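Structure record follows, encoded as structure tokens.
Lettering follows sequence order; numbering is per chain, from 1. What you are looking at is a predicted structure, and each value in this text was computed from that prediction instead of being measured.
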Amino acid sequence: MLLKFTEDHEWLKLEGNVATVGITEHAADALGDLVFVQLPEVGATLAKGDGAAVVESVKAASDVFTPLAGEVVEVNEAIVNDPSLVNQDPLDAGWFFKLKLANVADFESLLDEHAYKALIS
Amino acid sequence: MSVAADKPSSDSLRRTPLYDLHRALGARMVGFAGYEMPVQYPMGVLKEHLHTRAAAGLFDVSHMGQIVLRAKRGDVDEAARALERLVPVDVLGLAVGRQRYAFFTNEAGGILDDLMIARFPDSLLLICNAARKAADEAHLRDALSDCCEIEALDSALIALQGPRAESALAPLASNVSSMRFMDARETSIMGAKCIATRSGYTGEDGFEVSIPSSSAREIVETLLAQPNVAPIGLGARDSLRLEAGLCLYGADLDEATTPVENSLSWAIQKVRRRGGSRAGGFPGADVILNQLDAGAARRRVGLRPEGRAPVRGGALLFAAADGGEPLGRITSGGFGPSVDAPIAMGYLPAALSKIGSRVFADLRGKREPATVVTLPFVKPHYKHR
């Protein structure tokens, strides 16, 4: 499985032409305990950079942007019912949505783990 | 998403006497009202909030203004009478050892700042907002220098709040256990001469303590060494005060809103109202006294959004789910950890301000239904007896 990152602190795992999207541990720590998550509609077609989800801590709201163009094929309702999952397990149980990529080749343009770690260090 | 940098952007920020301790405790520092302040510690805003309601939270509020007012001729009644020229509250009738909420008003009846006034045998102690303290001091000097000495203190100020606040402070401080809500007295803590008031801004029982700067770190570390006491940042301070229905100057209160619109009429005692022996005589008295009799066109209310999404300050309020002009605005909004739901305060026209009224807040382009509810959102736990 391929794992990539964005400068907006999202991670993407690619299987076939579907990328699972979540936020990084660094982002989850910086946001603090989440109390509300709003996810996109299944079936929505999103362009790169569109607001895809909203996360809210006690203090503030933040947007999660669409990392690559595609169609939302599945969302993680578990984090809507229990936003603390994102803080507890951001890289696995706290995933946000699955995106059928419009162009799988775009995946290669994202940051690898080494480049992302350099970004946040 | 954008992730805020850990370091405040400006290096011209002032620091409180507890700055080094905040860093040592792992606080995330932000710029606030010209100071570099802890917004949260490693515990995080949510748990800091809940810890304060369950045990005791310690807040550094040294950025706030502490101003002492003394009458030049020595009679504190003269200072109290003079201060009544600037605030619509009964200062003269405030007993020695007691504290009272007040606000400076302008000629339009708007609020220049809200503050606490404590009376001591030979002085008044004013605690005001950090962002307004320089303006407040100038205002006092302009208006009261004829008869009063005005001194801004550089002491540290901490708040210790929550059901375990008394048991945490009492072993260190002389005669604080017998204090009741809004009492104010001098006390000695670990050899330092301090001033304690039994008050705060969380809805919990607790104290605010003014401590000489040189003793602040040692006293705070001793308090934090107790298992019930945790350091709490500005993030949780904001959610705690919002749940308690308390106003934040610059958000819920400003120069364009009056005490009657703010639903703070309770803070204007009868003696300063029409028919009282010292009625009026403060800036904007005509506007405020008229509104006390006739009511204001809009009111500050508590709001409970019906969904789980927090509705933040600045959101416009509408009467209907579609169309229409905005009729009001959220001034403070967020998630209440103890309520476990979104909560907000805002202004609505009088006709829509009744408990149970249903309105709609603009949330990212959608209308989110919200109900007008009684403030505060949580039951206060002040020690009245």
Side-chain angles (χ1 to χ4, degrees), chain A residues 5-12 21-41 48-67 77-88 90 94 96-97 116-117 119-121, chain B residues 1-7 26-28 30 32 38-53 232-243 305 307-315 330 332-344 361 363-366 368:
Chain A
F5 298 85
T6 72
E7 290 175 356
D8 293 326
H9 309 285
E10 289 136 359
W11 56 259
L12 291 87
V21 181
I23 67 171
T24 64
E25 205 167 356
H26 173 75
D29 285 350
L31 292 168
D33 295 303
L34 296 186
V35 296
F36 176 79
V37 176
Q38 182 183 295
L39 293 172
E41 303 267 336
K48 182 179 175 175
D50 282 354
V54 176
V55 291
E56 305 226 15
S57 66
V58 175
K59 242 159 42 79
S62 305
D63 289 309
V64 177
F65 299 108
T66 309
E77 290 291 345
I79 64 170
V80 174
N81 297 325
D82 181 7
S84 72
L85 274 180
V86 178
N87 296 101
Q88 289 160 24
F96 277 59
F97 52 89
Y116 179 68
K117 281 190 172 158
L119 178 78
I120 60 172
S121 67
Chain B
M1 86 190 56
S2 68
V3 172
D6 264 16
K7 291 190 183 69
R28 183 179 300 170
V30 297
F32 180 83
V39 66
Q40 64 175 82
Y41 297 87
M43 187 187 276
V45 177
L46 188 73
K47 292 179 189 76
E48 289 173 25
H49 177 116
L50 296 172
H51 181 91
T52 304
R53 296 242 185 270
I232 310 296
L234 292 180
R237 183 171 166 81
D238 191 50
S239 56
L240 288 158
R241 70 92 197 162
L242 177 56
E243 279 187 343
R308 294 286 295 174
V311 180
R312 308 281 175 180
I330 302 272
S332 282
F335 188 85
S338 302
V339 179
D340 191 27
I343 53 174
L363 180 68
R364 297 183 276 270
K366 288 185 182 164
E368 184 75 19

If we ignore hydrogens and angles and just use 3.5 Å, is the side chain of E56(A) paired with the main-chain N or O of A309(B) as donor and acceptor? no
Of P310(B), G44(B), G334(B), the largest count of non-hydrogen pairs under 4.5 angstrom with chain A goes to P310(B)
Is there a donor-acceptor contact under 3.5 Å from the side chain of W11(A) to the main chain of F5(A)? no
Between V54(A) and chain B, with a heavy-atom cut-off of 4.5 Å, which part of the residue counts as in contact: side chain, backbone, both or neither? side chain
Count the heavy-atom pairs under 4.5 Å between each of R364(B), K47(B), H49(B), Q40(B) and chain A, then report the option with the highest count. R364(B)
For residues D33(A) and V58(A), determine if any side-chain heavy atom of one lies less than 4.5 Å from a side-chain heavy atom of the other. no
Using the side chain to side chain contact (heavy atoms under 4.5 Å, CB included) rule, take Y116(A) and H26(A) through it: C-alpha gap first, then chi angles, then the decisive distance, then the call. CA-CA 10 Å; Y116(A) 179 68; H26(A) 173 75; 3.8 Å; yes
Part of A60(A) within contact of chain B (heavy atom distance under 4.5 Å): backbone
Which atoms of T6(A) are under 4.5 Å from chain B, going by heavy atoms: the side chain, the backbone, both sets, or neither? neither
Side chain, backbone, both or neither: which part of R308(B) has a heavy atom under 4.5 Å from chain A? both
Using 0.5 Å steps for rounding, measure from the CG atom of L240(B) to the OG atom of S338(B). 7.0 Å
